[in-house]
Amino acid sequence: MGVLDKIEAIKDEMSKTQKNKATEYHLGQLKAKLAKYRAQLLEPDKKGPKGEGFEVLKSGDARVCLIGFPSVGKSTLLSKVTKTESVVGAYEFTTLTAIPGVLEYEGARIQLLDLPGIVQDAAKGRGRGRQVVSVAKTADVIILMIDATKSAEQKKMLEIELDAVGIRLNARPPDVVFKQKTAGGITINNTVKMTKTDERTIRSILQTYKIHNCDVLIREDVSVDEFIDVVLGTRQYIPALTVINKIDGVSMETLDSMAREGDGRTVMISCELGLGLDWLLEAIWMELGLVKVYTKKRGDQPDLSDPICLRQGATIETVCHGIHRSLASHFKYALVWGKSSKFNPQPQKVGLTHLVMDEDVVSIFTK
Ligand SMILES: Nc1nc2c(ncn2[C@@H]2O[C@H](COP(=O)(O)OP(=O)(O)OP(=O)(O)O)[C@@H](O)[C@H]2O)c(=O)[nH]1
Ligand SMILES: [K+]
Ligand SMILES: [Mg+2]
(Lines give C-alpha, C1' and ligand atoms only; values in the text may rest on other atoms or scores of the structure.)
(Ligands and ions follow the chains in the order given, each with its own letter.)
Protein backbone atom coordinates (compact mmCIF):
# COMPACT_ATOMS: atom_id res chain seq x y z
CA MET A 1 0.00 0.00 0.00
CA GLY A 2 1.30 3.46 -0.90
CA VAL A 3 1.40 6.27 1.62
CA LEU A 4 -1.60 7.97 0.03
CA ASP A 5 -3.66 4.81 0.38
CA LYS A 6 -2.60 4.41 3.99
CA ILE A 7 -3.70 7.98 4.66
CA GLU A 8 -7.04 7.34 3.03
CA ALA A 9 -7.50 4.15 5.04
CA ILE A 10 -6.85 5.96 8.32
CA LYS A 11 -9.13 8.84 7.40
CA ASP A 12 -11.78 6.31 6.53
CA GLU A 13 -11.40 4.57 9.85
CA MET A 14 -11.51 7.90 11.70
CA SER A 15 -14.72 8.90 9.98
CA LYS A 16 -16.31 5.61 10.96
CA THR A 17 -15.21 5.89 14.57
CA GLN A 18 -17.65 7.67 16.82
CA LYS A 19 -16.11 10.43 18.89
CA ASN A 20 -16.57 9.81 22.58
CA LYS A 21 -14.63 9.20 25.78
CA ALA A 22 -14.17 5.50 25.02
CA THR A 23 -12.68 6.05 21.55
CA GLU A 24 -10.55 9.07 22.46
CA TYR A 25 -7.45 6.97 22.92
CA HIS A 26 -7.88 5.08 19.68
CA LEU A 27 -8.57 8.30 17.74
CA GLY A 28 -5.44 9.84 19.23
CA GLN A 29 -3.40 6.94 17.90
CA LEU A 30 -4.95 7.26 14.48
CA LYS A 31 -4.21 10.97 14.41
CA ALA A 32 -0.58 10.35 15.28
CA LYS A 33 -0.29 7.81 12.46
CA LEU A 34 -1.96 10.16 10.04
CA ALA A 35 0.47 12.95 10.89
CA LYS A 36 3.37 10.54 10.44
CA TYR A 37 2.29 9.51 6.95
CA ARG A 38 1.62 13.11 5.96
CA ALA A 39 5.14 13.99 7.03
CA GLN A 40 6.47 11.13 4.87
CA LEU A 41 4.55 12.46 1.93
CA LEU A 42 6.33 15.77 2.21
CA GLU A 43 9.81 14.38 2.16
CA PRO A 44 11.49 15.46 -1.07
CA ASP A 45 10.48 13.24 -3.93
CA LYS A 46 13.67 11.69 -5.26
CA LYS A 47 12.16 10.52 -8.52
CA GLY A 48 9.89 13.43 -9.29
CA PRO A 49 10.79 16.52 -11.33
CA LYS A 50 13.02 19.09 -9.69
CA GLY A 51 11.39 22.32 -8.61
CA GLU A 52 12.88 24.32 -11.44
CA GLY A 53 12.55 28.04 -11.06
CA PHE A 54 11.14 27.65 -7.59
CA GLU A 55 14.30 28.32 -5.73
CA VAL A 56 14.11 32.07 -5.74
CA LEU A 57 16.74 33.62 -3.53
CA LYS A 58 15.34 35.49 -0.59
CA SER A 59 16.11 39.16 -0.86
CA GLY A 60 15.14 42.38 0.86
CA ASP A 61 13.88 42.70 4.39
CA ALA A 62 11.06 40.16 4.29
CA ARG A 63 9.21 37.77 1.98
CA VAL A 64 5.49 37.71 1.22
CA CYS A 65 3.99 34.83 -0.81
CA LEU A 66 0.83 34.95 -2.93
CA ILE A 67 -1.19 31.76 -2.56
CA GLY A 68 -4.46 31.19 -4.36
CA PHE A 69 -6.37 29.12 -6.87
CA PRO A 70 -5.73 29.77 -10.58
CA SER A 71 -6.78 33.11 -12.08
CA VAL A 72 -7.68 34.89 -8.86
CA GLY A 73 -5.36 37.73 -9.96
CA LYS A 74 -2.04 36.99 -8.25
CA SER A 75 0.07 38.05 -11.21
CA THR A 76 -2.11 41.09 -11.82
CA LEU A 77 -1.42 42.19 -8.24
CA LEU A 78 2.34 41.68 -8.55
CA SER A 79 2.39 43.68 -11.77
CA LYS A 80 0.39 46.50 -10.14
CA VAL A 81 2.37 46.97 -6.95
CA THR A 82 5.93 46.17 -8.05
CA LYS A 83 8.09 47.03 -11.05
CA THR A 84 8.07 43.38 -12.13
CA GLU A 85 5.71 42.29 -14.91
CA SER A 86 4.29 38.85 -14.36
CA VAL A 87 2.26 37.49 -17.27
CA VAL A 88 -1.49 37.82 -16.73
CA GLY A 89 -3.96 35.60 -18.57
CA ALA A 90 -7.66 34.86 -18.58
CA TYR A 91 -6.79 31.15 -18.55
CA GLU A 92 -5.78 28.99 -15.58
CA PHE A 93 -2.12 28.19 -14.85
CA THR A 94 -0.73 31.19 -16.65
CA THR A 95 2.05 31.36 -14.11
CA LEU A 96 4.18 28.23 -13.90
CA THR A 97 7.01 29.31 -11.69
CA ALA A 98 7.85 31.69 -8.85
CA ILE A 99 8.18 35.32 -9.94
CA PRO A 100 9.73 37.72 -7.42
CA GLY A 101 8.95 41.42 -7.30
CA VAL A 102 9.99 44.10 -4.84
CA LEU A 103 7.56 46.18 -2.81
CA GLU A 104 9.13 49.38 -1.62
CA TYR A 105 7.25 50.63 1.39
CA GLU A 106 8.21 52.88 4.27
CA GLY A 107 11.84 52.49 3.36
CA ALA A 108 11.63 48.68 3.48
CA ARG A 109 12.23 46.38 0.54
CA ILE A 110 9.75 43.53 0.72
CA GLN A 111 9.99 40.60 -1.66
CA LEU A 112 6.59 39.70 -3.08
CA LEU A 113 6.48 36.25 -4.68
CA ASP A 114 3.94 35.48 -7.37
CA LEU A 115 3.32 31.74 -7.54
CA PRO A 116 1.41 29.31 -9.76
CA GLY A 117 -2.20 28.76 -8.82
CA ILE A 118 -2.77 25.73 -6.65
CA VAL A 119 -5.53 23.19 -7.01
CA GLN A 120 -7.30 21.11 -4.44
CA ASP A 121 -5.03 18.36 -3.13
CA ALA A 122 -2.02 20.44 -4.13
CA ALA A 123 -0.17 19.23 -1.05
CA LYS A 124 -0.53 15.65 -2.25
CA GLY A 125 1.40 16.54 -5.34
CA ARG A 126 -1.30 17.55 -7.78
CA GLY A 127 -0.18 20.18 -10.25
CA ARG A 128 2.89 21.96 -9.00
CA GLY A 129 1.07 22.42 -5.76
CA ARG A 130 3.57 20.73 -3.54
CA GLN A 131 6.33 23.01 -4.72
CA VAL A 132 4.09 26.03 -4.28
CA VAL A 133 3.03 25.21 -0.76
CA SER A 134 6.63 24.40 0.11
CA VAL A 135 7.69 27.87 -0.98
CA ALA A 136 4.96 29.26 1.25
CA LYS A 137 6.90 27.81 4.18
CA THR A 138 9.63 30.35 3.57
CA ALA A 139 7.26 33.32 3.80
CA ASP A 140 7.23 35.88 6.58
CA VAL A 141 3.62 36.62 5.68
CA ILE A 142 1.31 34.59 3.45
CA ILE A 143 -1.39 36.23 1.36
CA LEU A 144 -4.39 33.99 0.78
CA MET A 145 -5.78 35.46 -2.41
CA ILE A 146 -9.42 34.89 -3.15
CA ASP A 147 -11.65 35.67 -6.12
CA ALA A 148 -14.74 37.52 -4.90
CA THR A 149 -16.78 36.21 -7.81
CA LYS A 150 -16.10 32.56 -7.00
CA SER A 151 -16.82 30.01 -4.25
CA ALA A 152 -16.89 31.22 -0.68
CA GLU A 153 -15.05 28.04 0.28
CA GLN A 154 -11.72 29.20 -1.21
CA LYS A 155 -10.19 30.36 2.05
CA LYS A 156 -11.02 27.12 3.86
CA MET A 157 -9.62 25.07 1.01
CA LEU A 158 -6.36 27.03 0.91
CA GLU A 159 -6.00 26.63 4.65
CA ILE A 160 -6.39 22.87 4.29
CA GLU A 161 -3.63 22.70 1.67
CA LEU A 162 -1.25 24.74 3.79
CA ASP A 163 -2.11 22.75 6.87
CA ALA A 164 -1.20 19.57 5.01
CA VAL A 165 2.39 20.79 4.63
CA GLY A 166 2.62 21.83 8.24
CA ILE A 167 1.82 25.53 7.97
CA ARG A 168 -0.37 26.89 10.74
CA LEU A 169 -1.75 30.31 9.91
CA ASN A 170 -2.14 33.06 12.48
CA ALA A 171 -1.41 30.76 15.38
CA ARG A 172 1.34 30.64 17.93
CA PRO A 173 3.15 27.46 18.91
CA PRO A 174 1.48 25.47 21.73
CA ASP A 175 2.94 26.15 25.16
CA VAL A 176 4.48 22.73 25.68
CA VAL A 177 8.09 22.02 26.55
CA PHE A 178 9.27 18.80 24.93
CA LYS A 179 12.79 17.51 25.51
CA GLN A 180 14.08 14.23 24.13
CA LYS A 181 16.63 12.34 26.19
CA THR A 182 18.78 9.26 25.74
CA ALA A 183 17.60 7.51 28.91
CA GLY A 184 15.32 7.86 31.91
CA GLY A 185 11.96 7.03 30.42
CA ILE A 186 9.05 9.38 29.91
CA THR A 187 8.01 12.06 32.40
CA ILE A 188 4.87 14.04 31.82
CA ASN A 189 3.97 17.06 33.92
CA ASN A 190 1.23 19.60 33.50
CA THR A 191 0.70 23.01 35.05
CA VAL A 192 -2.88 23.27 33.76
CA LYS A 193 -5.82 20.91 33.75
CA MET A 194 -5.99 18.81 30.58
CA THR A 195 -9.51 18.62 29.17
CA LYS A 196 -8.81 17.76 25.53
CA THR A 197 -6.45 14.85 25.99
CA ASP A 198 -4.92 12.76 28.76
CA GLU A 199 -1.65 11.20 29.82
CA ARG A 200 -2.46 7.81 28.36
CA THR A 201 -3.14 9.28 24.92
CA ILE A 202 0.05 11.32 25.10
CA ARG A 203 2.06 8.21 25.96
CA SER A 204 0.53 6.34 23.05
CA ILE A 205 1.40 9.18 20.67
CA LEU A 206 4.99 9.15 21.90
CA GLN A 207 5.05 5.40 21.35
CA THR A 208 3.83 5.83 17.76
CA TYR A 209 6.89 7.99 17.17
CA LYS A 210 9.11 5.49 18.98
CA ILE A 211 10.04 8.04 21.63
CA HIS A 212 10.83 6.22 24.86
CA ASN A 213 12.81 8.86 26.77
CA CYS A 214 11.67 12.44 27.10
CA ASP A 215 10.44 15.18 29.41
CA VAL A 216 7.09 16.74 28.62
CA LEU A 217 5.85 19.85 30.39
CA ILE A 218 2.35 20.89 29.40
CA ARG A 219 1.56 24.53 30.18
CA GLU A 220 -1.56 24.91 28.06
CA ASP A 221 -4.72 22.84 27.61
CA VAL A 222 -3.55 21.32 24.30
CA SER A 223 -5.48 19.13 21.91
CA VAL A 224 -4.15 15.88 20.47
CA ASP A 225 -3.31 17.65 17.20
CA GLU A 226 -1.41 20.39 18.96
CA PHE A 227 0.57 17.87 20.96
CA ILE A 228 1.47 16.00 17.77
CA ASP A 229 2.66 19.32 16.30
CA VAL A 230 5.02 19.72 19.22
CA VAL A 231 6.41 16.20 18.88
CA LEU A 232 6.92 16.52 15.12
CA GLY A 233 8.52 19.92 15.62
CA THR A 234 8.10 20.64 11.94
CA ARG A 235 5.20 23.03 12.14
CA GLN A 236 5.60 26.52 10.92
CA TYR A 237 3.55 29.33 12.41
CA ILE A 238 3.11 32.04 9.80
CA PRO A 239 0.93 35.15 9.85
CA ALA A 240 -1.51 35.48 6.97
CA LEU A 241 -3.71 38.08 5.33
CA THR A 242 -6.79 37.25 3.32
CA VAL A 243 -7.06 39.35 0.18
CA ILE A 244 -10.37 39.31 -1.67
CA ASN A 245 -9.77 40.46 -5.25
CA LYS A 246 -12.15 41.35 -8.10
CA ILE A 247 -14.61 43.18 -5.88
CA ASP A 248 -15.58 45.10 -9.02
CA GLY A 249 -17.34 41.93 -10.13
CA VAL A 250 -19.84 41.51 -7.28
CA SER A 251 -22.93 43.34 -6.08
CA MET A 252 -22.94 45.77 -3.18
CA GLU A 253 -24.89 43.24 -1.11
CA THR A 254 -22.29 40.50 -1.64
CA LEU A 255 -19.54 42.97 -0.87
CA ASP A 256 -21.28 43.99 2.30
CA SER A 257 -21.71 40.45 3.56
CA MET A 258 -18.08 39.59 2.72
CA ALA A 259 -16.96 42.63 4.70
CA ARG A 260 -19.03 41.42 7.65
CA GLU A 261 -17.57 37.90 7.53
CA GLY A 262 -13.98 39.07 7.14
CA ASP A 263 -11.78 39.49 10.19
CA GLY A 264 -9.23 42.19 10.94
CA ARG A 265 -6.89 40.40 8.60
CA THR A 266 -9.05 40.63 5.48
CA VAL A 267 -8.51 43.24 2.78
CA MET A 268 -10.82 43.72 -0.19
CA ILE A 269 -9.33 44.94 -3.44
CA SER A 270 -9.82 45.27 -7.16
CA CYS A 271 -6.58 45.06 -9.09
CA GLU A 272 -8.48 46.01 -12.20
CA LEU A 273 -9.81 49.28 -10.78
CA GLY A 274 -6.86 49.85 -8.45
CA LEU A 275 -9.13 49.77 -5.39
CA GLY A 276 -7.83 49.04 -1.90
CA LEU A 277 -4.20 48.59 -2.93
CA ASP A 278 -2.91 51.24 -0.50
CA TRP A 279 -4.74 49.53 2.33
CA LEU A 280 -3.25 46.23 1.30
CA LEU A 281 0.30 47.59 1.40
CA GLU A 282 -0.35 49.06 4.83
CA ALA A 283 -1.83 45.76 6.04
CA ILE A 284 1.24 43.85 4.79
CA TRP A 285 3.48 46.32 6.55
CA MET A 286 1.55 45.99 9.82
CA GLU A 287 1.52 42.20 9.59
CA LEU A 288 5.28 42.04 9.04
CA GLY A 289 5.77 44.22 12.10
CA LEU A 290 9.12 45.45 10.82
CA VAL A 291 11.11 47.79 12.98
CA LYS A 292 12.90 50.64 11.24
CA VAL A 293 16.11 51.90 12.77
CA TYR A 294 18.15 54.86 11.57
CA THR A 295 21.87 55.01 12.09
CA LYS A 296 23.80 58.11 13.00
CA LYS A 297 27.52 58.82 12.94
CA ARG A 298 28.96 60.89 15.77
CA GLY A 299 28.45 64.61 15.08
CA ASP A 300 26.24 63.94 12.04
CA GLN A 301 22.49 64.03 11.55
CA PRO A 302 20.79 60.60 11.43
CA ASP A 303 20.59 59.10 7.95
CA LEU A 304 16.82 59.13 7.39
CA SER A 305 17.05 58.08 3.76
CA ASP A 306 18.38 54.61 4.44
CA PRO A 307 16.83 52.87 7.46
CA ILE A 308 17.74 49.36 8.55
CA CYS A 309 14.59 47.19 8.65
CA LEU A 310 14.48 44.47 11.28
CA ARG A 311 12.05 41.95 12.67
CA GLN A 312 10.34 42.63 15.98
CA GLY A 313 12.53 41.54 18.84
CA ALA A 314 15.66 42.89 17.17
CA THR A 315 18.50 44.06 19.41
CA ILE A 316 21.49 46.37 19.04
CA GLU A 317 23.40 43.25 18.02
CA THR A 318 20.98 42.72 15.09
CA VAL A 319 21.51 46.36 14.13
CA CYS A 320 25.28 45.77 14.12
CA HIS A 321 24.85 42.77 11.81
CA GLY A 322 22.69 44.90 9.56
CA ILE A 323 25.52 47.40 9.17
CA HIS A 324 28.52 45.13 8.91
CA ARG A 325 29.18 41.49 9.67
CA SER A 326 32.10 42.04 11.99
CA LEU A 327 30.81 45.18 13.71
CA ALA A 328 29.44 43.35 16.76
CA SER A 329 32.85 41.91 17.59
CA HIS A 330 34.37 45.43 17.85
CA PHE A 331 31.37 46.82 19.71
CA LYS A 332 31.96 49.02 22.77
CA TYR A 333 28.56 50.62 23.41
CA ALA A 334 25.68 52.24 21.57
CA LEU A 335 23.59 55.35 22.04
CA VAL A 336 19.89 55.13 21.22
CA TRP A 337 17.40 57.92 20.75
CA GLY A 338 13.67 57.24 20.47
CA LYS A 339 11.03 55.00 21.98
CA SER A 340 13.44 52.39 23.33
CA SER A 341 15.49 54.97 25.24
CA LYS A 342 14.34 55.16 28.84
CA PHE A 343 15.38 58.82 28.86
CA ASN A 344 13.50 59.65 25.64
CA PRO A 345 13.89 62.28 24.14
CA GLN A 346 17.41 62.04 25.57
CA PRO A 347 19.61 59.15 24.40
CA GLN A 348 20.43 56.09 26.48
CA LYS A 349 23.78 54.31 26.55
CA VAL A 350 23.13 50.59 25.92
CA GLY A 351 24.77 47.22 25.24
CA LEU A 352 24.32 44.58 22.54
CA THR A 353 21.22 42.97 24.09
CA HIS A 354 19.13 46.17 24.18
CA LEU A 355 15.83 45.80 22.27
CA VAL A 356 15.34 48.45 19.62
CA MET A 357 11.97 49.92 18.67
CA ASP A 358 10.48 51.36 15.50
CA GLU A 359 12.06 54.67 14.45
CA ASP A 360 14.93 54.52 16.93
CA VAL A 361 18.15 56.30 16.01
CA VAL A 362 21.29 54.36 16.87
CA SER A 363 24.97 55.30 17.07
CA ILE A 364 27.44 52.47 17.47
CA PHE A 365 30.78 53.04 19.17
CA THR A 366 33.58 50.56 18.63
CA LYS A 367 36.73 49.60 20.51
N1 LIG B 1 -12.71 41.87 -13.00
C2 LIG B 1 -11.46 41.74 -12.54
N3 LIG B 1 -10.61 40.93 -13.18
C4 LIG B 1 -9.36 40.81 -12.68
C5 LIG B 1 -8.93 41.52 -11.53
N6 LIG B 1 -7.65 41.18 -11.29
C7 LIG B 1 -7.29 40.30 -12.25
N8 LIG B 1 -8.32 40.08 -13.11
C9 LIG B 1 -8.33 39.20 -14.30
O10 LIG B 1 -8.29 37.85 -13.87
C11 LIG B 1 -7.61 37.05 -14.82
C12 LIG B 1 -6.51 36.24 -14.16
O13 LIG B 1 -5.51 37.11 -13.70
P14 LIG B 1 -4.05 36.58 -13.36
O15 LIG B 1 -3.32 37.72 -12.73
O16 LIG B 1 -3.43 35.94 -14.53
O17 LIG B 1 -4.39 35.49 -12.28
P18 LIG B 1 -3.37 34.50 -11.52
O19 LIG B 1 -3.93 34.30 -10.17
O20 LIG B 1 -1.98 34.98 -11.62
O21 LIG B 1 -3.57 33.17 -12.38
P22 LIG B 1 -2.60 31.89 -12.55
O23 LIG B 1 -1.21 32.37 -12.76
O24 LIG B 1 -3.15 31.22 -13.76
O25 LIG B 1 -2.78 31.08 -11.32
C26 LIG B 1 -7.09 38.03 -15.89
O27 LIG B 1 -7.96 38.00 -16.97
C28 LIG B 1 -7.11 39.35 -15.18
O29 LIG B 1 -7.25 40.44 -16.07
C30 LIG B 1 -9.88 42.39 -10.89
O31 LIG B 1 -9.61 43.04 -9.89
N32 LIG B 1 -11.12 42.44 -11.43
K1 LIG C 1 -4.46 33.34 -15.07
MG1 LIG D 1 -0.35 34.11 -12.40
- Query: Transitively linked via ILVMFWY side-chain contacts under 4.5 Å: Y105 with I284?
  - Reply: yes
- Using the side-chain contact (heavy atoms from CB on, under 4.5 Å) rule, pick out the option among E106, K292, Q312 that qualifies with D358. K292
- Task: List the steps, then state whether side chain to side chain donor-acceptor pair (under 3.5 Å) holds for E13 with H26.
- Result: CA-CA 10 Å; E13 192 178 339; H26 183 55; 2.9 Å; yes
- Item | K33, NZ atom: more than 12 neighbouring heavy atoms under 6.0 Å | no
- Is there a side-chain contact (heavy atoms from CB on, under 4.5 Å) between V132 and I67 once you walk through the steps? CA-CA 8 Å; V132 174; I67 300 291; 3.8 Å; yes
- Are K332 and F365 in a cation-pi setup, meaning NZ or CZ lies under 6.0 angstrom from the ring centre and within 45 degrees of the ring axis? no
- Message: Any carboxylate oxygen within less than 4.0 angstrom of a Lys/Arg side-chain nitrogen, looking at E359 and K339?
- Response: no
- Task: Would you indicate whether Q207, at its atom CD, is surrounded by more than 12 heavy atoms from other residues, nucleotides or ligands within a distance under 6.0 Å?
- Result: no
- Item | Intermediate values then yes/no, salt bridge (charged side-chain N to carboxylate O under 4.0 Å, His left out), D225 and K31 | CA-CA 7 Å; D225 294 287; K31 276 187 174 170; 3.0 Å; yes
- Message: Between E159 and R168, does the salt bridge (charged side-chain N to carboxylate O under 4.0 Å, His left out) criterion hold? Intermediate values first, please.
- Response: CA-CA 8 Å; E159 281 170 349; R168 293 268 193 266; over 6 Å; no
- Would V72 end up clustered with W279 when hydrophobic side chains under 4.5 Å apart are linked, directly or stepwise? yes
- Query: Is the side chain of Q111 donor-acceptor paired with the backbone N or O of L57 at a distance under 3.5 Å, no angle test?
  - Reply: yes
- Task: Give a yes or no on whether D278 atom CG has more than 12 heavy-atom contacts from other residues, nucleotides or ligands under 6.0 Å away.
- Result: no
- With the side chain counted from C-beta on, respond yes when V135 and Q131 share a heavy-atom pair under 4.5 Å apart, and no when they do not. no
- Task: Report whether L335 and V293 are members of the same hydrophobic cluster (ILVMFWY, side-chain heavy atoms less than 4.5 Å apart, transitive linking).
- Result: no
- Message: Can you give me the closest heavy-atom contact between V291 and M357, atom names plus distance?
- Response: CG1-C, 3.4 Å
- Message: Tell me whether S79 contacts the main-chain N or O of S75 through its side chain, where contact means a donor paired with an acceptor under 3.5 Å.
- Response: yes
- Is the CZ atom of R311 crowded by more than 12 outside heavy atoms at less than 6.0 Å? yes
- Looking at L158 and G68, what are the two nearest heavy atoms and their distance? CD2-CA, 4.0 Å
- With the 4.5 Å side-chain cut-off for hydrophobic clustering, are Y333 and I316 part of the same group? no
- Message: If I take atom CD1 from residue I143 and atom CG from residue L280, how far apart are they, to the nearest 0.5 angstrom?
- Response: 5.0 Å
- Item | Geometric cation-pi criterion R200 and Y25, 6.0 Å radius, 45° cone | yes
- Item | Basic-acidic side-chain contact under 4.0 Å: D215, K181 | yes
- Message: Using the rule side-chain contact (heavy atoms from CB on, under 4.5 Å), only one of D140, I110, L288 pairs with R63; which is it?
- Response: D140
- Message: So, taking the atom named CD in Q348 and the one named CG in D360, what distance separates them when rounded to the nearest 0.5 Å?
- Response: 10.0 Å
- Task: Give a yes or no on whether a salt bridge exists between E24 and K21, defined as a side-chain N under 4.0 angstrom from a carboxylate O.
- Result: yes
- If you take all heavy atoms of I118 and F69, which pair is closest and at what distance? O-CD2, 2.9 Å
- Message: Could you measure the distance from the CG atom of L169 to the CG atom of L144? Nearest 0.5 Å is fine.
- Response: 5.5 Å
- Note on the structure: When every non-hydrogen atom of N213 is compared with those of T182, the smallest separation belongs to ND2-O, 3.4 Å
- Strictly by modelled atom types, are R298 and S363 linked by a side-chain donor-acceptor pair under 3.5 Å? no
- Look at the side-chain heavy atoms of Ile, Leu, Val, Met, Phe, Trp and Tyr, link any pair under 4.5 Å apart, and say whether V176 and V192 land in one connected group. no
- What's the spacing between C214 SG and Y209 OH if we round to 0.5 Å? 13.5 Å
- Message: Using the rule given for side chain to side chain donor-acceptor pair (under 3.5 Å), can you reason through T295 versus D303, listing the C-alpha separation, both sets of side-chain angles and the distance that settles it, and then say yes or no?
- Response: CA-CA 6 Å; T295 54; D303 183 359; 5.4 Å; no
- Query: Can you name the nearest heavy-atom pair linking C271 to T76, along with the distance?
  - Reply: CB-CG2, 3.6 Å
- Message: For a side-chain contact (heavy atoms from CB on, under 4.5 Å) check, start with the C-alpha distance between L66 and L115, then their side-chain angles and the critical distance, and finish with the verdict.
- Response: CA-CA 6 Å; L66 290 169; L115 290 160; 5.6 Å; no
- Is it true that D300 and K296 make a salt bridge, defined as a side-chain N closer than 4.0 Å to a carboxylate O? no
- Item | Side-chain heavy-atom pair V222, K196 within 4.5 angstrom cut-off | no
- Whether T95 side chain and T97 backbone form a donor-acceptor pair below 3.5 Å: no
- Report the C-alpha distance between L206 and H212 in whole Å, list the side-chain angles of each, state the deciding distance to 0.1 Å, and finish with yes or no for side-chain contact (heavy atoms from CB on, under 4.5 Å). CA-CA 7 Å; L206 292 170; H212 307 296; over 6 Å; no
- Message: Quick one, T254 with S251, criterion side chain to side chain donor-acceptor pair (under 3.5 Å). Give me CA distance, side-chain angles, the key distance, then yes/no.
- Response: CA-CA 5 Å; T254 314; S251 69; 2.8 Å; yes
- Query: Is a salt bridge present between D147 and K246, judged by a nitrogen-to-oxygen distance below 4.0 Å?
  - Reply: yes
- Side-chain (S340) to main-chain (V336) donor-acceptor, under 3.5 angstrom: no
- Item | NZ/NE/NH1/NH2 to OD/OE distance under 4.0 Å, E85 and K80 | no
- With no hydrogens and no angle check, is any side-chain donor or acceptor of D61 less than 3.5 Å from a backbone partner on A108? no
- Task: Could you walk me through whether T82 and V102 pass side-chain contact (heavy atoms from CB on, under 4.5 Å), step by step?
- Result: CA-CA 6 Å; T82 73; V102 179; 5.6 Å; no
- So does K349 have more than 12 non-hydrogen atoms from other groups sitting under 6.0 Å from NZ? no
- Message: Between T201 and G28 (side chain of the first, backbone of the second, donor and acceptor by atom type, cut-off under 3.5 Å), is there such a pair?
- Response: no
- Task: State whether the side chain of D248 and the backbone N or O of S270 hold a donor-acceptor pair below 3.5 Å, judged by distance alone.
- Result: no
- Query: How far does NZ of K137 sit from OG of S134, to the nearest 0.5 angstrom?
  - Reply: 6.5 Å
- Task: Ignoring hydrogens and angles, tell me if any N or O in the side chain of R235 forms a donor-acceptor pair with the backbone of D163 under 3.5 Å.
- Result: yes
- Message: Has E261 got a side-chain atom pairing as donor or acceptor with M258's backbone, closer than 3.5 angstrom?
- Response: no
- Query: How close do F227 and I202 get, heavy atom to heavy atom, and via which atoms?
  - Reply: CZ-CG2, 3.5 Å
- Validation row: L77, I269 side chains within 4.5 angstrom (heavy atoms): yes
- Message: Between T315 and T318, do the side chains contain a donor N or O and an acceptor N or O under 3.5 Å apart?
- Response: yes
- Task: Tell me, with the steps shown, if T191 and N189 meet side chain to side chain donor-acceptor pair (under 3.5 Å).
- Result: CA-CA 7 Å; T191 60; N189 285 298; over 6 Å; no
